[in-house]
Amino acid sequence: MLAPLGKPRHATVTVRLLVATPPFPYSHDGALRDGRRLPPERSGKGALMAQVRTAFFFRGGKYVRYEIDPVTGAETVNHDFYPRGVAEAWSAMPASFTQGIDAVVNWPDGFVYFFKGSQYVRWDATNDTVDASFYPHDTASQWPALPASFAAGMNAAINWGDGRVFFFKGPKYVRYDLQTDSVDHTVYPRDISEGWPDFPAAFKSGVDAAVNWGNGTAYFFKGGQYLNYDIQYEKVRPGYPLPITEPGKWPELVRAGFTGPIDEVIEWPQADVANVDIPARLVSCSKRTQPEVRCGGEFEMHAVFADADPSIPACGEYRQYIRGELEVNGQPVRFITKEHGVPAPRLMRSRPGQGSADDHFIEDGQAASSPANPFHVDLDYGHRDAAVGNGNLNDMFLVKRRSGEQYAGRDTPGGVGAPGTFFKIDVDFRGQLIDVCNGGRVLFTREWTVNCQVP
C-alpha cells in the first residue's frame, strides 16, 4: 500500500505491503453474479456490472462497431460514427491491413490475429498495440501447422470456444487445436461439404466471414446472405440462408450499408467475472504493544475471470486505490504511493471535503526506490505486465500471469514501531476488476476501510 517518505520522530515505522510472503489459502467463496448496478457504498459485497458485448464487421477499408446489450439483447450501431475508416481508428494497424482483411480470430491469451494474403498481424487486445518491428509477418514462418495453401491466404476464421479454431479457404477448411498448436494433416484440409454437411451448397463452396456470437450461435456470411448455425447440435437452424437485408434480422447493418459481401467479423474479446471475493478475510484492525508495536489490518483479494469465448481471462485485471491518514506519536506521517505508469511517486491523499467532485483515491503501489521494496522495481496490484511476474506472492495470476483466470492478492497495511509508539492508521481502499480489452471498463467495485490505533 504505502511507503514512508520520511522517518517520524522517536519511532521507526515500517509499512508492509506488496512484500513476498508464503502462499495463503485461496477460495472461491463470495461469488456474485446478480449484475446489479449499485453504488459501491450500498452494494454489500460489491456490484458486478453487466457488460455490453462488441463485434466488429469489416469490409474493405471500413468497419462497423456493433454492440449487444447483455440484459435486453438489443443490438445497436452508433450511426453518427460508423462506418468508419480502419486507418482512422486502428492507428496501430499496418497500412496494408487497413484496406481490407481476409480473416481475423481471437486467441485465449488476449491476442487477436488478422490475416491478409500470405501475411498476418498480431494485435494485443489488452493494450491495443502491434509490434511494428515484427508485423506484418509471413504466416508460413510462424504458423508451421497450417497447410501451405492456407498460409498463402484464407477467407475466414472462427474460434469455436472449445479449444478449436476453424480456418476456411475456398471449399476447404482446417481445424486448429489451440492447446497443442497443431493440425491433423491426415485429415485436413478437408472439404466443407464433408465436415459441414448441413451447409447449403453455396456455402460449401466457401464462406466470406464467420463469427462465434458467444451465445451458442455462429454466423457464417457469403455475399449478401448468412447462416444461423446451432453450435451445440451442429446444425444450420431452419429457414437459412437468409439475406442480410431480411427485415428484422440485421437492421443496424443494413442502415450502415453493410449488406454484403463482408470481409470478416469478430466478437471482440472481453473480461467477465465468474467469482469474486474482495476483500476476503478482512481484518480492519490488528494490534499489539509487545515486544514491539504493531498496528494495521489485513485482507485478501480473490477473483476468477470467465474463460468462455468471447470472455477471455487475459482481458481481466485488478486495481487497488487508497486514500486516508496515518499518524505516529500524534503527528501525521507522509506516505508515498507509486501509480502504474506514472514516473513520479505521489503522496497518499486524505479524504475529500463534503461535496468534492474529486474522491482523492490514487492507485496503490510501491516505488522501486522504497527501502521496504525487496524487488527494487515498481510494484502495484493486479497489472498482468508486472515486472516481477508472479514472483510477488501477494499479487498473482494463476497459473500463467498473462492468461491465468484466477487472481490472488494479499495486503497487510500498517506499521511496526518501537515499544511506546503511538500509531494510527485510517485508510480507505477501493478494489476494482476491470476489462483492459475494452478501455478499462469497470466490472466490479468495492470499498472498505482499515482503521486501527495504538494505544
Query raised in the report: Going by an N to O cut-off under 4.0 Å, is there a salt bridge joining D359 and R323?
Result: no
Query raised in the report: What is the distance from atom CG of D380 to atom CG of D378, rounded to the nearest 0.5 Å?
Result: 7.5 Å
Requested in this report: State, without any angle test, whether N451 and T449 hold a side-chain donor-acceptor pair at a distance under 3.5 Å.
Outcome: no
**Report entry** Point-to-point distance, once rounded to the nearest 0.5 Å, from OH of Y226 to CG of L253
**Finding:** 10.0 Å
Query raised in the report: Which atom pair, heavy atoms only, marks the closest approach of P83 to K62?
Result: CB-CB, 4.3 Å
Query raised in the report: Nearest heavy-atom pair of R430 and T445: which atoms, and what distance?
Result: CG-CG2, 4.2 Å
Requested in this report: Look only at the side chain of K222 and the backbone of G206, and say whether a donor-acceptor pair between them is shorter than 3.5 Å.
Outcome: yes
**Report entry** Point-to-point distance, once rounded to the nearest 0.5 Å, from CD of Q142 to CD of Q119
**Finding:** 12.0 Å
**Report entry** Stepwise side chain to side chain contact (heavy atoms under 4.5 Å, CB included) test for T54 and F56
**Finding:** CA-CA 7 Å; T54 301; F56 293 105; 3.8 Å; yes
Query raised in the report: Given side chains that start at C-beta, do those of Y407 and M396 come closer than 4.5 Å, heavy atoms only?
Result: no
Query - Test item: C437 and I312 side chains (from C-beta on) under 4.5 Å apart, heavy atoms - result: no
Query raised in the report: Any sub-3.5 Å donor-acceptor pair from W123's side-chain atoms to A92's backbone N or O?
Result: no
Report task. Tell me, with the steps shown, if F115 and W143 meet side chain to side chain contact (heavy atoms under 4.5 Å, CB included). Result -> CA-CA 12 Å; F115 298 85; W143 296 74; 3.7 Å; yes
Query - Smallest separation among heavy atoms of N212 and G214, with atom names - result: OD1-N, 2.9 Å
Query raised in the report: Counting only N and O atoms by type, is there a donor-acceptor contact under 3.5 Å from the side chain of E264 to the main-chain atoms of A157?
Result: yes
Query raised in the report: Donor-acceptor pair, D263 side chain versus G60 backbone, under 3.5 Å?
Result: yes
Query raised in the report: Think R59 forms a cation-pi with F258, using NZ or CZ under 6.0 Å from the six-ring centre and within 45 degrees of its axis?
Result: yes
Query raised in the report: Is there a donor-acceptor contact under 3.5 Å from the side chain of N438 to the main chain of P269?
Result: yes
Query raised in the report: Does a side chain donor of either D138 or S141 reach within less than 3.5 Å of an acceptor in the other side chain?
Result: no
Query raised in the report: Do R402 and D124 sit within salt-bridge range, that is, some charged N less than 4.0 Å from a carboxylate O?
Result: yes
Query - Heavy-atom check, side chain of F299 versus side chain of I278, under 4.5 Å - result: no
Query raised in the report: How are the rings of H137 and Y135 set to each other: parallel, tilted or perpendicular (split at 30° and 60°)?
Result: perpendicular
Query raised in the report: Taking R237 for the side chain and L227 for the main chain, is one N or O donor matched with an acceptor at less than 3.5 Å?
Result: no
Query raised in the report: Which of parallel (below 30°), tilted (30 to 60°) and perpendicular (above 60°) describes F168 and F220?
Result: perpendicular
**Report entry** Min side-chain heavy-atom separation Y188-Y176 under 4.5 Å
**Finding:** no
Query raised in the report: Is there side-chain contact between V442 and R319, with heavy atoms separated by less than 4.5 Å?
Result: no
Query raised in the report: Between T259 and V254, is there a donor-acceptor pair closer than 3.5 Å when you use the side chain of the first and the backbone of the second?
Result: no
Query raised in the report: Could you go step by step and tell me if D364 and T337 meet the side chain to side chain contact (heavy atoms under 4.5 Å, CB included) rule?
Result: CA-CA 6 Å; D364 192 354; T337 183; 4.1 Å; yes
Query raised in the report: Step by step, would you call Y173 with R190 a side chain to side chain contact (heavy atoms under 4.5 Å, CB included)?
Result: CA-CA 6 Å; Y173 80 100; R190 189 181 184 192; 3.4 Å; yes
Query raised in the report: Should the pair W196 and F166 be assigned to parallel (<30°), tilted (30 to 60°) or perpendicular (>60°) ring geometry?
Result: perpendicular
Requested in this report: Over all heavy atoms of both residues, which pair between I192 and G170 is shortest? Give the atoms and the distance, please.
Outcome: CD1-O, 3.4 Å
Query raised in the report: Closest approach of N392 and F375, non-hydrogen atoms and distance?
Result: CA-CZ, 3.8 Å
Query raised in the report: Do other residues, nucleotides or ligands put more than 12 heavy atoms under 6.0 Å from the CD atom of E88?
Result: yes
Query raised in the report: Does any N or O in the side chain of N155 come within less than 3.5 Å of the main-chain N or O of D208, such that one atom is a donor and the other an acceptor?
Result: no
**Report entry** Sidechain-backbone polar pair: D198 side chain, V236 backbone, donor-acceptor under 3.5 Å
**Finding:** yes
Query - Inter-residue atom distance Y318.OH - D395.CG, 0.5 Å rounding - result: 9.5 Å
Query - Flag side-chain contact, heavy atom, 4.5 Å: M301 against L433 - result: no
Going by atom type alone, with no hydrogens or angles, which donor-acceptor pairs under 3.5 Å involve a side-chain atom of residues 99-110 and a protein atom two or more places apart or on another chain?
unit_1: D102; atom_1: OD2; unit_2: G117; atom_2: N; d: 2.7
unit_1: N106; atom_1: ND2; unit_2: D309; atom_2: OD1; d: 2.6
unit_1: D109; atom_1: OD1; unit_2: F111; atom_2: N; d: 3.3

Query - Min side-chain heavy-atom separation L146-M154 under 4.5 Å - result: yes
Query - Ionic contact status for D230 with K235, cut-off 4.0 Å - result: no
Query raised in the report: Would you call R410 and E298 a salt bridge, using N to O less than 4.0 angstrom?
Result: yes
Query raised in the report: Would K172 and D191 pass as an ion pair if we require N to O under 4.0 Å?
Result: yes
Query raised in the report: Taking atom CH2 of W250 and atom CD1 of I244, what is their separation to the nearest 0.5 Å?
Result: 8.0 Å
Query - Neighbour count >12 (heavy atoms, 6.0 Å) for atom OH, Y233 - result: no
Requested in this report: Quick one: pull up CD in E339 and OH in Y321 and give me the separation to the nearest 0.5 Å.
Outcome: 9.0 Å
Query raised in the report: Is a side-chain donor-acceptor pair under 3.5 Å present for W90 with D128?
Result: no
**Report entry** Plane angle bin for F429 and W448 - parallel if under 30°, tilted between 30 and 60°, otherwise perpendicular
**Finding:** parallel
Report task. Identify the two heavy atoms, one from I425 and one from V427, that lie closest to each other, and give their separation to 0.1 Å. Result -> CG1-CG2, 3.6 Å
Query raised in the report: Tell me, do L379 and V377 make a side-chain contact under 4.5 Å, heavy atoms counted?
Result: yes
Query raised in the report: Counting distance only, does the side-chain N/O of R384 pair as donor-acceptor with the main-chain N or O of G316 below 3.5 Å?
Result: yes
